[in-house]
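Lettering follows sequence order; numbering is per chain, from 1.
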There are 2 protein chains.
Amino acid sequence: MAVSKSELQRRIQAFSDACSRKGLRVTHQRMEVFWALAVSDAHPDAESVYQRVRSRVTGISRDTVYRTLATLESKGLIRKAAALGGSARYDANMANHHHFVCTACGLIKDFSSKVLDDLPIPKTVESFGRIDASQVQVRGVCVSCAKRKPKKRRRSPK
Amino acid sequence: MAVSKSELQRRIQAFSDACSRKGLRVTHQRMEVFWALAVSDAHPDAESVYQRVRSRVTGISRDTVYRTLATLESKGLIRKAAALGGSARYDANMANHHHFVCTACGLIKDFSSKVLDDLPIPKTVESFGRIDASQVQVRGVCVSCAKRKPKKRRRSPK
DNA sequence: TTCCTTAATAGGAATTATTCTTATCTGGGG
DNA sequence: CCCCAGATAAGAATAATTCCTATTAAGGAA
């Protein structure tokens, strides 16, 4: 479950270096937020990170955790898992298909591919539980977001 | 963009039948919510569905839309796209990897696979925008959720 | 058709998730 | 050591989702 001690050390050092390289200040809070994320592979949500960090840094604010996570994600130092938008998006198309997701505006486009419909899922995955379906998610920046310059981030489009 | 008229008709009829078959009442609101979803491939969020339906069914409540979407999803009549939990989940592991997601409790487990790391993405996807990465998401029910009976749905685990 | 049971709904309050605002603080270059 | 732009704390504000309760209506039975 947990990451090995030495590996954790290495990742945290690498993170610190990466911050400096990218012009991000190496603050105590930032290091702790990254630590909370790197110390396990549980993919915690922001509130969980906040709780974990708070036990080590008294007085840290939720906002700092949210802001730090967003900053690190925008710098490519961490990733959002699965969920990309603040709100759930629904799909009435139950046929096998895959998604292109714009990380800037949340746009989702469908595409289909015979090859991708039947992926070879490793046997190890079966030990996690019953498998119902698999789907490919392609992340990128859609054409219209690429045009309008470095516009500010926006919420899921209607 | 839009689905053809006859195809839409067919899907709505099939939906109505499926409701009956699964013991769900075929209510006006339910049909309209499904219609709002099936009429386009824009993967709207709950609020968008609410706005669309409200223009046809005066007085429908947000709660009905949220409840209906959750019900239909639990019956396998619609799907949630990309986002699975109410809150964003983060990942400090930037190495190429894929996810098993439990649709019952939100658990996320990582797995890796050389084959899946380099999938053949159809050329059509390139027309949507710049591609940054692709990842496989396997959905299912984890071992511990499979054990504890038909327990109620829960929020993202900490 | 009419009646009945109970799932489903409306409306709004409550809760949860996330972002914003403002005053204050501090990492790290000079 | 000094400075200041980038970071933070605290809590208000906003957005997303669920809960609560009284009322309505789908659809099986009579």
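If you measure from atom CD of B:E73 to atom P of D:dT17, you get 12 Å, rounded to the nearest angstrom. Protein atom CG of B:L72 is 9 Å distant from nucleotide atom P of C:dT9, rounded to whole Å. Here D:dA7 presents its P atom at 14 Å from CG of A:L69, a figure rounded to the nearest Å. In this structure, CZ of A:R67 is placed 14 Å from C1' of D:dA5, rounded to the nearest angstrom. If you measure from atom CZ of A:R62 to atom P of D:dA10, you get 12 Å, rounded to the nearest angstrom. What separates CZ of B:R54 from P of C:dG11 is a distance of 11 Å, to the nearest Å. The nearest whole Å value for the distance from the CD atom in B:E32 to the C1' atom in C:dA10 is 16 Å. We find that OH of A:Y50 is positioned 13 Å from C1' of D:dT8, with the value rounded to whole Å.
With hydrogens and angles left out, the side-chain atoms of A:S61 and A:T64 include a donor and acceptor closer than 3.5 Å. A donor-acceptor pair shorter than 3.5 Å can be found between the side chains of A:D45 and A:S48.
Between A:E7 and A:R10 there is a side-chain heavy-atom pair separated by less than 4.5 Å.
Applying the side chain to side chain donor-acceptor pair (under 3.5 Å) test to residues at least two apart or on different chains, the pairs with a partner in residues 110-127 of chain B are A:H43-B:D110, B:H98-B:D117, B:H99-B:D110.
Put simply, CD on B:E73 and CG on B:L69 are 9.0 Å apart, with the number rounded to the nearest 0.5 Å.
Judged as a side chain to side chain donor-acceptor pair (under 3.5 Å), and not counting sequence neighbours, the contacts of A:Q51 are A:E47, A:R54.
For A:R30, counting side-chain heavy atoms from C-beta on, the closest listed nucleotide (C:dA17, D:dT18, D:dT8) is D:dT8. Side chain of A:Y66, nearest nucleotide from D:dT17, C:dA10, C:dT18: C:dT18.
Regarding contacts with the backbone of C:dT26, every side-chain N or O of A:Q29 stays at 4.0 angstrom or more from both OP1 and OP2. In this structure, B:S61 reaches the C:dA10 phosphate: one of its side-chain N or O atoms is under 4.0 Å from OP1 or OP2.
Follow the hydrophobic side-chain contacts under 4.5 Å out from B:L116 and you reach A:I131 in the same cluster.
Note: B:F15 and B:F34 have parallel aromatic rings, judged against thresholds of 30 and 60 degrees for the angle between ring planes.
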* Is there a side chain to side chain contact (heavy atoms under 4.5 Å, CB included) between A:V57 and A:H28 once you walk through the steps? -> CA-CA 9 Å; A:V57 185; A:H28 184 199; 4.0 Å; yes
* To do: Could you give me the CA-CA distance, side-chain angles and deciding distance for A:Q13 and A:R11, then say whether side chain to side chain donor-acceptor pair (under 3.5 Å) is met?
  => CA-CA 5 Å; A:Q13 185 56 55; A:R11 284 195 196 173; over 6 Å; no
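Think of B:V141 as one node in a network of Ile, Leu, Val, Met, Phe, Trp and Tyr side chains linked at under 4.5 Å; it has no links at all.
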Between protein and nucleic acid, restricted to nucleotides 19-21 of chain D and to nitrogen or oxygen atoms under 3.5 Å apart, what atom pairs and distances do you find?
residue	atom	partner	partner atom	Å
D:dC19	N4	B:D63	OD1	2.5
D:dC19	N4	B:D63	OD2	3.4

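Using five terminal pairs a side, the axes of the helix from C:dT1-D:dA30 to C:dG30-D:dC1 at its two ends make an angle of 40°, given in steps of 10 degrees.
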* **Where protein sits on nucleotides 23-30 of chain D, one letter per nucleotide: B base, S sugar-phosphate only, - none, heavy atoms under 4.0 Å** => --BBS---
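Figure legend: cation-pi geometry between B:R30 and B:W35 absent, as NZ or CZ is not positioned both under 6.0 Å from the six-membered ring centre and within 45° of its axis.
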